[in-house]
Structures are given as C-alpha cells and as structure tokens.
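Please read these numbers as outputs of a predicted model, since none were measured by experiment. Proteins come first, then strands; the chains are lettered A, B, ... in the order of their sequence lines, and each starts at number 1.
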Amino acid sequence: MSSNQRELASSFVPGDIEGPLYKKWIDSGYFTADANSSKEPFTIVIPPPNVTGNLHIGHALDQTLQDCLTRLKRMQGFEALWLPGMDHAGIATQNVVEKQLAAKGLSRHDLGREDFVKKVWEWKAESGGQILGQMKRLGDSVDWSREAFTMDENLSKAVLTIFKKLFDQGLIYRAERIINWCPRCLTALSDIEVEHQDDEGEFVQVRYGDGEASIVVATTRAETMMGDGAVAVHPDDPRYKHMIGTEVLLPLVNRMIPIIADELVDPDFGTGAVKVTAAHDPNDFEMAMRHNVPFVVIMNEHGVMDGTGTEFDGMDRFEARVAVVAKLKEMGRIVAEKRPYIHAVGHCSRCDTTVEPRLSKQWFVKVAPLAKAAGDAVRDGRVKIEPAELAPRYFEWVDNMHDWCISRQLWWGHRIPVWYGPNDEVIVVGPGESAPAGYTQDPDVLDTWFSSALWPFSTLGWPNQTADVKKFYPTSVLVTGYDILFFWVARMMLFGLFAMDGVPPFHTIVLHGLVRDQFGKKMSKSRGNVVDPLEFIDKYGADALRFTLARGSNPGKDQALAEDWIAGSRNFATKLWNATRFAMMNGATTEGPLPAQSSLSAIDAWILSRLSETTTEYTALLESYEFARACETIYHFAWDDLCDWYLELSKETFASGNAADSQRVLGHVLDTLFRLLHPVMPFITETLWTTLTGKETLVTAVWPEADTAHIDKKSETLIGELQKIITEVRRFRNDQGVKPSQKIPGRIIAPAEVTAYSSAMAFLLKLELTDFTPSASVEIGAMKVELDLSGTVDVVAERARLEKDLATAQKDLKTAEVKLGNEGFMAKAPASVVVEIKERLAATTADIERITAQLAALK
RNA sequence: GGACGAUUGGCUCAGCGGUAGAGCACCACAUUGACAUUGUGGGGGUCACUGGUUCGAUCCCAGUAUCGUCCA
C-alpha cells in the first residue's frame, strides 16, 4: 500500500483508537516474552498493586515509567519482560471482606477460618483485581501470560521454601517482645506499618511516693502507670543520684517500686524522671530487661484496661487516661499539666487506629546478617540507586534495621508453616512435607511484605529452576516510588540476596517521586485534591496522561500535576496528528533510500541534523532514567523544529510540486520521531506510524540509531540565521500593525546561501517579491529585508523598537568591554571564551552602528 | 535529635562556573488550505540572605533563614 491510499481521520480522538490497539497488541502476543530467545533479557517486575486497589495517579506514573523502559528495550532488541501481578495485601483485603460481613451482622469468627478464607477468595474472583483492567487503559505492555499473585500456588511454595531456609539457618525465631499492636485489627504490625503523626495529647507530672521518698515523673500516658515496675533517672543526674536504689510508692495500686538509673533517660526531658512500664513501652522494655524490672500487663488486646484490680478495669485506654488523671488530681498528686501537648504518636497504616505497644509472643526475622548483605550490595556498586542522593536513606535504614516482626494475627495470608507437637516440639513444614500426627499449626499468617520480598524470583517460578528464572533473573531495573524503599525494595534485597546465592534481584533501583496536586500539595481525601487517572484518560487520552507524567518526572523528585498540563499534552498529540496529516497530504514517504546528503537543501539537511542530535540526546536521557528531560527534548524537536520551522519553511517547496527529496526526508523524520516517542505515547504513535509506513506495528519496530553523517553544523547555522531574520521581520510587522495575512512588497538582500531560500521566506513573511521603493528595512548581520509599507511607517513604533534594541545592544557591549578590559580575565580565562567575548563585542558594535544609523534615518 | 532535599518570572519546575530557560498563566494581533486542542509577536526574574573561593558565581564552599520529606 502506498502512503497516499492511507488516510487519517481529520481529528484525533484517543478513545477511538486505544481499545482496538491494545487488543491488537495482546492478540498478536507482542508483550509475551520468550524464555528461549537468544536475545539479551531485560526484565522488570511490577511493584504489585494490592488486589483491593484501584489505579491511582501514583500507579499511573510508576507504570508509565516502567512501560517506557520496557518498550524502549523491546525496540532496542532485548527480550523484554514486564511481569504483572498483584499482592494479596493481608490486612487490607481482610478488612474489606470483614466489612462486607459486618454489613450482614457477621464477624469472621461466625464463619470460621476455613470458610472465611474461602469467602476472601470468592471476593477476589468477583471484585478483586480491578486495577488489572485499568492498567490496560494506560497501555501497559505487560506480559499477561505471566500474571502472578502472591497467594498463587507457586508463590506460596516460594514462601514456605524461604521460611524453612531462614529458620534452619537460625534467622527466624520466636520471642516475646514489645511489638506494635493494632487494637482494632487485632494484629501485630511491623515498624513500617506504623505511621507517626503529630497528635494532641497531654503531658502530666505525677508525684510518686510521699515526703522524702517521693519523685515526680513526667508522662503522656498516665493510664499505664498501674503497670509501672520502676522509676528511672539518668545515672549522673544530681537531683536524683541519692535516690537511686531506693523505693517509692506507686499511687493507685499502692505498690513499692525501685528507682533505677539508666543512660537512656534524658535528664532534660520533663522532670528527668520517667516511669518504667515494661509491658507497654518499647524503651521501657529495654530498660526493664537491663534492670530486671517485672513486666506488669494491664491492658488486653482491645486496648481495654484489664487486671489492675482497680476501678479502671474495663475502661478503654483513652477513657482510662482521663479517669486516672482526674483521680490523681483528687489525690493531689498532679504537679503540673501541659495540654494540649503535641507529640508523635503511631497509627496503624491500614486503619489509622492508635497503635498500642504490646508485650506479645511473635515470630521475627533476624535481619542483621541479611541487612548487612543488602547494604553491601549497594555499597560495592553491584546495585545502583537512582538518583544517588537517595542512597543514604537506604543505608540509614538497612544499617539500623530492627528485627522484623513477621507474624500477623490474621487469617488471610500465608499461614506460618510452623507446627507444635504435644510436648512443645517446634517443627517447620516445608513444601511437600507434612506435619506428624497430633501436631497443630501456628494460627498466624505472615506479613504481606514477606511474600512481596520474594517477588523478583517467585514470580519467575522459583524455587523451581524454570526457564524463566534462568533467563530473566536477576531482573534489570526496579522502578518504584521512594516511599516504598523500606517497605519493599530493601526487603527484596534482603531476601533476594539470601535466596539467590548472593545475586541481587536487580542491578538498578530507579526511584521516582510522588504525584502531588497543582500547587505541590500532597493528594489526600481530606484535602479533596485527589485526581482519578481514568477520568483523565477518558478526557484526554492515555498518551496525554502518560506524556504529562513522564515529562514531570525528574529523578527522585515529587511532581505537581494540573489538569491544564494534561490538556497541554493532549494538544501535543493533536499537533503530531495534524502534522502527519499535512505530511501525508504532501506526499511524505518512507519508501526508498534517503536522498544523498550532498543534494539536500539546507532546510532538509538541517532537520536531519537536528533529528540526529535529538535521537542521540533523547535516547541517552531515557537510558539514564531522565524522563522529564527526555520528554522536553523530544517535545521541542517535534513542535518547534519540525512543526513550527521545518514544515513552515517547506510549504513553498511542497506547493511547487517538485519536492521528492523533502517528501522522503519528511517521511524519514516522522518515521524516526514516532519510533522515539512510542515508549511514552504508544497509541498515537502506533496509529500515525502504521498509517504513514503501511507496516504492521511499532511495538516491535527497531529503535532508531542516530546517523552522525547527518550532523551538519553549516546548515544549522544557516537555518539559525534564517530563523533570526524571519523572527525579526515578523516582529517588525507586528510593531507596525501589519495584519498577519496582509501581503506587502518586500525584498531579501543577503548572501546567496540565504537568498536561495527567498521564496520560502517570502511565503512565511507574506512578502511579494516585486519591484518597489522600500520605505523600511530590517537588518540582522549581513542580512537585510526591505519592505514597502506604502509610506505608512509608524515612526513612533519603529523608534521605540529600535531604541529598545539599542539599549539591549549597549548593555551587551558594556559587559563585553568590561570583561575584555579586565587583566585577570585576559590572562586567565580560556582562549575560547576570550574569542567568544571578542566576537560578541564585534557583533554588538556592528548592531549599535546599524541601529544608530536607522534611528538617524527615521528623523 | 539524625539524614536528605528545596528556596530561580504569577504558578509548577528545569538548568548551571562565562549575556537567565520551559510549560501553563498574562497582553496584543490574526479565523492565511495541517492544526483555534492553533499561529505570530510581546511583557515579566537583583536565581532566599550573608560571607568566602575565582579573572568571573544563579551555579562551588561556609554560615543564616524559611519550607519539605524520611527516620528516631
């Protein structure tokens, strides 16, 4: 089919092309990777969204960048695999199903464990995974044949395998510790599932004991005092030194407790004396371990006071706080109060309930050796973090990581493969094994992040030595927001290195920022500034959304997003569409060889030169994850160089009917441009390219190589001059109030290489190249355009324009003169800079002479 | 308290040792045969502050202020 038989609709309607194109891509299997291919692999595993989730703008950014890289590498000839899937999201999913049950007045306990889990699977089948369909709207080139879920049979096998391996090496243990407890979800949480917020609390000072044997402690948690086992002071605190080792009376429960000394106490905080509540505070727990302070539990799992033997039993913790303080006040034991007192309080990241530190028996991963390896892999350069500024954050965390609490008191998740025997035997049951009769399994499940940490290889079939594992592990690049560097990335490093014999799960970690609203504020439901990517896709097309997000993505930096900017990207898409229509109407073609470089017009040579430079620069930027700069580069090439200048300068040629060279050049430029843009804007480029070339698909087309033979500085200079004089004449016309459409007599006086393009210039400037007596002129360097304004030159406007130019030139002259008059500059500045300034001085001097003369002539 | 980052036109952000850039917004003109989802032209910034290094600093260094994020 030749190009003139194919046509584009007169306007670009994204909704008309996106669905059918995505279907074509899937049906053709373009995204399905081949583990047996001889091509070099390029692998990305998607950060698995929650099965409960919907596509939010952050996913849209994350996935746009991953798709850009995957599509780029696919075109560059790699065996590209972008592996999709979802996370079972333990607490989140369980919450959703429990909420549904609650609506019917049921709890999970009414169903029992087995039926409840069945219910969750049913929920997943019916309404889970909505995000997968939404990803298709975005155009994600993921390999659906490899879609994974953390609860899949094989991924569960991976979990069992790694658990057993860790346990056997003594890296998983069970212990009674203070853990973060959510009294609403009724489960333990890891440190990172706790979000610290500044809350309003109170800070009270309470006198323990009486007379000489009394000490005032400061606390924000008066209700826990009934669980105190000691009062602690700093060993060197002169106020209390004499009291260390003595005992004071704990009010309300009338128990004698010792005063101990511990370095952990900050003498400058409050009164310098703190209560030690071993069973209800992590710091106190540590001190208690050092000083043999008893653990007194005074609260149950719901956060309700229990076992104090006082009137407070049965009260909720916050209710009890008020009541305890009131009672102490009545007893005259409150020395000082500060209210409100703003301090950081931990909240459950899933339900926002205030977390309660709780003494509890849980399973832990001993992270020290794993974290050391994870830190070293980055330190010794085997894994790169982009941008590098974010590496310190990674180290800070990995090097100071606490043991990881992995047991959750939930039903939805991987059940801990530990079985207990009748005589307290503990065994771990690996894949394919079974527990001896009479053993019972631990009721808890594993932290969701435990299975997510295996994602880069469990999804490829590990622990089986599959073809996929061999071909695609280690993965290449991990693209994600810096906000889950700790949650997920660091854990993949921990487990990946451990499971895969020290081979890190990826060689580069690419961190992007968060999408914020148009004023740079965080998006949140309470602010009401959350946007829906699907609405934007409906309204402006997936390409526009993708281009906007990629264009805003500077490495590791948050980006602001406004609807106007998406509209701007849609306009860009429209521009490409219309330019292609124009090109095809004018016979642009991709068939046959390019014309010889020597026979090209300066205009054609110039656009090929710019294309070559743009290709090099843009490719390098994409390969170094500089998405914003890459998009900026290609945008300016397409809109400014190609549409505003090349097409405009070429219109005359195309109209002449003698434009074979330009038709071929333009076809080549568009062909290349669409290839380059395809990773960012897959839909429109596929449509335009297949229409232009008549070929089947751009998805698997070859990535353009910059042809350095096309670099032509001479043409670039010439066209630069042309642009300058054209802009200057346009400015003159504007200043003179000449309507854009009004033709005026004109004449171009310039070196031959410029006048060769007189007719193109005349076309752009609406000049009639006829005989006339000039009444005005515009000059730039050696170029001059004379015009006839029929004696109606607006002298005032013209003087104003020239005087402004003169002022600018004089200012420039002065800076150049000052520099050249500076001995230090002349002696020490590089020769090239000196030459540059000298040239500038000469040019400015000439400008001033010219303008002065023109001004004189205007009198 | 620790770590990191930011401070550049009205807004959101690039840039970077040698005459300050983009997008959007703004002003004027224009409905010219690709495109009004447009075109052309224009206005607008002492690059947070104070010192230092340098022939030269928005850029490098130090300090100050303000803001942000993460961790404790």
Can you measure [X] atom [atom1] to [N] atom [atom2] for me and round it to whole angstrom units?
X: A/Q742; N: B/rG39; atom1: CD; atom2: P; value: 23 Å
X: A/F547; N: B/rG23; atom1: CZ; atom2: P; value: 12 Å
X: A/K522; N: B/rU12; atom1: NZ; atom2: C1'; value: 19 Å
X: A/Q559; N: B/rA14; atom1: CD; atom2: P; value: 10 Å
X: A/D564; N: B/rU12; atom1: CG; atom2: P; value: 14 Å
X: A/W645; N: B/rG41; atom1: CH2; atom2: P; value: 7 Å
X: A/K724; N: B/rG41; atom1: NZ; atom2: P; value: 15 Å
X: A/N529; N: B/rU12; atom1: CG; atom2: P; value: 14 Å

With 3.5 Å as the limit, what N/O pairs link the protein to nucleotides 30-38 of chain B?
from: B/rA30; atom 1: OP1; to: A/K739; atom 2: NZ; distance (Å): 3.2
from: B/rA34; atom 1: O2'; to: A/R581; atom 2: NH1; distance (Å): 3.2
from: B/rA34; atom 1: N7; to: A/K651; atom 2: NZ; distance (Å): 3.2
from: B/rA34; atom 1: N6; to: A/C643; atom 2: O; distance (Å): 3.3
from: B/rA34; atom 1: N6; to: A/E648; atom 2: OE2; distance (Å): 3.1
from: B/rA34; atom 1: N3; to: A/N578; atom 2: O; distance (Å): 3.3
from: B/rA34; atom 1: N3; to: A/A579; atom 2: N; distance (Å): 3.3
from: B/rC35; atom 1: O4'; to: A/N578; atom 2: ND2; distance (Å): 3.3
from: B/rC35; atom 1: O2'; to: A/N578; atom 2: ND2; distance (Å): 3.1
from: B/rC35; atom 1: O2; to: A/K575; atom 2: NZ; distance (Å): 2.6
from: B/rC35; atom 1: N3; to: A/K575; atom 2: NZ; distance (Å): 3.0
from: B/rU37; atom 1: O4'; to: A/N571; atom 2: OD1; distance (Å): 3.3
from: B/rU37; atom 1: O2; to: A/R570; atom 2: NE; distance (Å): 3.0
from: B/rU37; atom 1: O2; to: A/T574; atom 2: OG1; distance (Å): 2.4
from: B/rU38; atom 1: OP1; to: A/N571; atom 2: ND2; distance (Å): 2.8
from: B/rU38; atom 1: O3'; to: A/K575; atom 2: NZ; distance (Å): 3.2

Check side-chain hydrogen bond (donor to acceptor under 3.5 Å, both in side chains) between [X] and all other residues, then give those that pass, not counting sequence neighbours.
X: A/H636; value: none
X: A/E632; value: A/R551
X: A/S569; value: A/T548

Are [X] and [Y] ion-paired here, with the side-chain N under 4.0 Å from a carboxylate O?
X: A/R801; Y: A/E728; value: yes
X: A/D284; Y: A/R221; value: no
X: A/R610; Y: A/E613; value: yes

With rounding to the closest Å, how many angstrom separate the [atom1] atoms on [N] and [M]?
N: B/rU58; M: B/rC47; atom1: P; answer: 6 Å
N: B/rC61; M: B/rU69; atom1: P; answer: 25 Å
N: B/rU12; M: B/rG17; atom1: C1'; answer: 27 Å
N: B/rG52; M: B/rU19; atom1: C1'; answer: 25 Å
N: B/rA22; M: B/rG44; atom1: P; answer: 14 Å
N: B/rG33; M: B/rA20; atom1: P; answer: 41 Å
N: B/rU8; M: B/rG45; atom1: P; answer: 15 Å
N: B/rG23; M: B/rG5; atom1: P; answer: 30 Å

Select base, sugar-phosphate, or nothing to describe what [X] touches, counting heavy atoms under 4.0 Å on all strands.
X: A/A829; result: base
X: A/R733; result: nothing
X: A/D812; result: base
X: A/F486; result: sugar-phosphate

- Ignoring backbone atoms, test whether A/N734 places a side-chain nitrogen or oxygen under 4.0 Å from the OP1 or OP2 oxygen of B/rC29. no
- Item | Presence of A/R730 side-chain N/O under 4.0 Å of B/rG41 phosphate oxygens OP1/OP2 |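 Indeed, a polar side-chain atom of A/R730 lies that close.
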Does a sphere of radius 6.0 Å around [atom1] in [X] hold more than 12 heavy atoms from other residues, nucleotides or ligands, not counting ones at 6.0 Å or beyond?
X: A/K372; atom1: NZ; result: no
X: A/Q742; atom1: CD; result: yes
X: A/N658; atom1: CG; result: no

Beyond-backbone contact of [X] with [Y], side-chain heavy atoms, under 4.5 angstrom:
X: A/V378; Y: A/I385; answer: yes
X: A/Y482; Y: A/D558; answer: yes
X: A/F637; Y: A/V669; answer: yes

- Task: Sort by first number and list every stem of RNA chain B: at least 3 consecutive Watson-Crick or G-U wobble pairs, both distances under 3.5 Å.
- Result: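 RNA chain B forms these stems: B:1-7 with B:65-71, B:10-13 with B:21-24, B:26-30 with B:38-42, B:48-52 with B:60-64.
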- If you check every side-chain atom of A/W565, which of B/rA22, B/rU19, B/rU12 has the closest atom?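 Per side-chain heavy atoms of A/W565, the pick is B/rU12.
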- Between B/rG42, B/rA14, B/rC55, which nucleotide has the shortest distance from any of its atoms to the side chain of A/R629? B/rA14
What pairs of nitrogen or oxygen atoms, one from the protein and one from nucleotides 3-8 of chain B, lie under 3.5 Å apart?
none

- Task: Find which nucleotide of RNA chain B each of A/Y482 and A/F519 is nearest to by heavy atoms, and output the residue with the more 5' nucleotide.
- Result: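 Taking each residue's closest nucleotide, the earlier one in sequence belongs to A/F519.
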- Which residue, A/D735 or A/E823, contacts RNA chain B at a nucleotide closer to its 5' end, judged by nearest heavy atom? A/D735
- Message: Would you call the rings of A/F582 and A/F654 parallel, tilted or perpendicular, taking 30° and 60° as the class edges?
- Response: perpendicular
- What is the ring orientation for A/W397 with A/F486, classed by angle as parallel under 30°, tilted 30 to 60°, or perpendicular over 60°?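 Parallel, since the angle between the ring planes stays under 30°.
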